[in-house]
Chemist: 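Okay, here's the structure, questions in a sec.
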Protein chains: 2
Amino acid sequence: MSAALRLADRASRREALLDAADRIIRRDGPAASMVSIAGEAGITKPILYRHFGDKGGLYAALADRYTGELLAQLQAALEAGRGRRDRVERTVDAYLLAIERQPQVYRFLLDPGVPSAEAAQAQFQVRSFTRRLSMLLAGGIAAEIGVPATRAAAWGHGIVGMVQSAGDWWLETHAVTRTELVQELTDLLFGGYGTS
Amino acid sequence: MSAALRLADRASRREALLDAADRIIRRDGPAASMVSIAGEAGITKPILYRHFGDKGGLYAALADRYTGELLAQLQAALEAGRGRRDRVERTVDAYLLAIERQPQVYRFLLDPGVPSAEAAQAQFQVRSFTRRLSMLLAGGIAAEIGVPATRAAAWGHGIVGMVQSAGDWWLETHAVTRTELVQELTDLLFGGYGTS
DNA sequence: CGGGAGTGTTACCGCTGGTAACCCTCCGGT
DNA sequence: ACCGGAGGGTTACCAGCGGTAACACTCCCG
């Protein structure tokens, strides 16, 4: 009977640990160390390792949490829009808003400062997120406009990378306002380059 | 008099060290360690540090070399093309060809597995490359079709990211042939999504 | 023939991720 | 009431990393 309690305890504990890691990563960026995370959580390293096995495991869990939130926001924006162009604008804007609000988290997701191959799981998790997002987008494209699957896939990955890269640049320079960037990118997607 | 000789020696030595680092990075990817690079070059660590000061310095030098080559290839492709669409196709193809031939180098450039903030210079160098490339592209766009500078800048970064991300996906999956991907991306840029 | 420059080495430091061994508390069975 | 084991927690350690200090050698120049 207490086994269930133990399990629930473990789960909430795990969440608390992730919260601590989240705080530290927001403060230190991808350079956060395991001991500092453990310290923030009020415990010591081995407990972290008992829960997540690996630094990669912790990072993967965190990445999963973040990407889950982001994906939900993006999907909400996607569904809120009316008409194709409106949907694109809202989604791009939602993405930019997210990375603007939590740049450290975003940096962590984009390049988790993994020392080497040990923590490749996190890298994988993030790449997996990008791919999931791209494929989701590809599915949407294929469904929206009749287009072969390979073309939709290529476009999906390309568009995701486009927004991501432009967002990265924008985050560093803030050379334009967010709404301006949304307009520029949407224009680009809707044939601004080819038909001008 | 021998000072010049010494300098030439130093320069060629430096090139040799970069060659060794290049070999190791091709073998181990971004996880290459300083001691293994030194070993490959037939010497020991401190010499590396005397030459490059820092791991960041070595990585920056390597990144500089790689990006120099890549930039030259891209510019050549850009100038070889006749007409806008042809230029885009050639350039995208040149990029894909380059990353296909040397995926490890490409990985190193994209995410140098820097442990943390120590070697931020390399990161900076690479980002600087992406930005240089994007701004070069932006300049081309602005000159080619009359477009405001901010729009050209946003587009430049977006397009670079698009090709980069799609190339990344392609490198992992090889879901399409290179020439197919070139066509898809060019179509996307030339209004394939907006005008279909 | 002496004495620096400069090249090379070994040996170390601090820090990181990761783990082994131990302790201590609390809960259930007899 | 006691006692034994299952976890949670800690200290103390290991290997490896980037980075550096101190020391040896060689070779060229005055």
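All values derive from a computational prediction rather than experimental measurement.
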Chemist: Separation of A:His51 atom NE2 from D:dG9 atom C1', in whole Å?
Modeler: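 My rounded result for the distance is 11 Å.
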Chemist: Test of understanding: with side chain to side chain donor-acceptor pair (under 3.5 Å), list the residues that count as partners of A:Asp22, not counting sequence neighbours.
Modeler: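 With sequence neighbours excluded, A:Asp22 shows a side chain to side chain donor-acceptor pair (under 3.5 Å) to A:Arg26, A:Tyr66, given in chain and number order.
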Chemist: Heavy-atom contacts under 4.0 Å between residues 15-28 of chain A and DNA chain C, which residues?
Modeler: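 DNA chain C contact set from residues 15-28 of chain A: none.
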Chemist: In the hydrophobic cluster built from side-chain contacts under 4.5 Å, what are the other members alongside B:Met135?
Modeler: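 Members besides B:Met135: none; it forms no cluster.
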Chemist: Just the rounded figure in Å: distance from C1' of C:dG17 to CD1 of A:Ile37.
Modeler: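 In whole Å, C:dG17 C1' and A:Ile37 CD1 are 12 Å from each other.
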Chemist: Check every atom of C:dG8, D:dG8, C:dT16 against the side chain of A:Arg13 and return the nucleotide holding the closest atom.
Modeler: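 Taking heavy atoms from C-beta onward, the closest nucleotide is D:dG8.
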Chemist: Mind checking the CG-CZ spacing from A:Leu96 to A:Arg101? Nearest 0.5 Å is all I need.
Modeler: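 One finds 12.0 Å between CG of A:Leu96 and CZ of A:Arg101.
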Chemist: Restricting to pairs with a member in residues 139-152 of chain A, which pass side chain to side chain donor-acceptor pair (under 3.5 Å), not counting sequence neighbours?
Modeler: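 Side chain to side chain donor-acceptor pair (under 3.5 Å) check on residues 139-152 of chain A returns A:Arg87-A:Glu144, A:Arg151-B:Glu184, A:Arg151-B:Asp187.
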Chemist: Quick check: does any side chain N or O of B:Ser165 sit under 3.5 Å from a backbone N or O of B:Met162, one acting as donor and the other as acceptor?
Modeler: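 No: the side chain of B:Ser165 does not pair with the backbone of B:Met162.
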Chemist: Does anything in residues 34-46 of chain B pair up under salt bridge (Lys or Arg N to Asp or Glu O under 4.0 Å), and if so which pairs, sequence neighbours excluded?
Modeler: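 Residue pairs with at least one partner in residues 34-46 of chain B: B:Arg23-B:Glu40.
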Chemist: Under the ring-ring contact (aromatic ring centres under 6.0 Å, His included) definition, can you give me all pairs with a residue in residues 157-177 of chain B, not counting sequence neighbours?
Modeler: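 Passing the test, one end in residues 157-177 of chain B: A:His157-B:Trp169, A:Trp169-B:His157, B:Trp170-B:His174.
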Chemist: Can you list everything that forms a side chain to side chain donor-acceptor pair (under 3.5 Å) with A:Gln73? Sequence neighbours excluded, please.
Modeler: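 Side chain to side chain donor-acceptor pair (under 3.5 Å) list for A:Gln73, sorted by chain: empty.
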Chemist: Please state how far atom CE in A:Met34 lies from atom P in D:dG16, giving the value in whole angstrom units.
Modeler: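 After rounding, the reported distance stands at 20 Å.
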Chemist: Using a 4.5 Å cut-off between side-chain heavy atoms of Ile, Leu, Val, Met, Phe, Trp and Tyr, which other residues end up in the same hydrophobic cluster as A:Leu78?
Modeler: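 Listed partners: A:Leu136.
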Chemist: Mind checking what makes side chain to side chain donor-acceptor pair (under 3.5 Å) contact with B:Thr177, not counting sequence neighbours?
Modeler: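 Partners of B:Thr177 under the side chain to side chain donor-acceptor pair (under 3.5 Å) test: B:Thr179.
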Chemist: To the nearest 10 degrees, what angle separates the axes at the start and end of the helix from C:dC1-D:dG30 to C:dT30-D:dA1, five pairs each?
Modeler: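 Rounded value for the end-axis angle: 30°.
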Chemist: What pairs with B:Arg90 under side chain to side chain donor-acceptor pair (under 3.5 Å), at least two apart in sequence or on another chain?
Modeler: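 Per chain and number, B:Arg90 pairs via side chain to side chain donor-acceptor pair (under 3.5 Å) with B:Asp86.
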Chemist: How many whole angstroms separate atom OH of A:Tyr59 from atom C1' of C:dG17?
Modeler: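 Distance, rounded to whole Å: 11 Å.
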Chemist: Round to a whole Å and report the spacing from CG of A:Leu58 to C1' of C:dG18.
Modeler: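 It is 13 Å, rounded to the nearest whole Å.
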Chemist: For DNA chain C, what residues of residues 42-50 of chain A have any heavy atom nearer than 4.0 Å?
Modeler: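 When residues 42-50 of chain A is checked for heavy atoms under 4.0 Å from DNA chain C, the hits, listed by number, are A:Lys45, A:Pro46, A:Tyr49.
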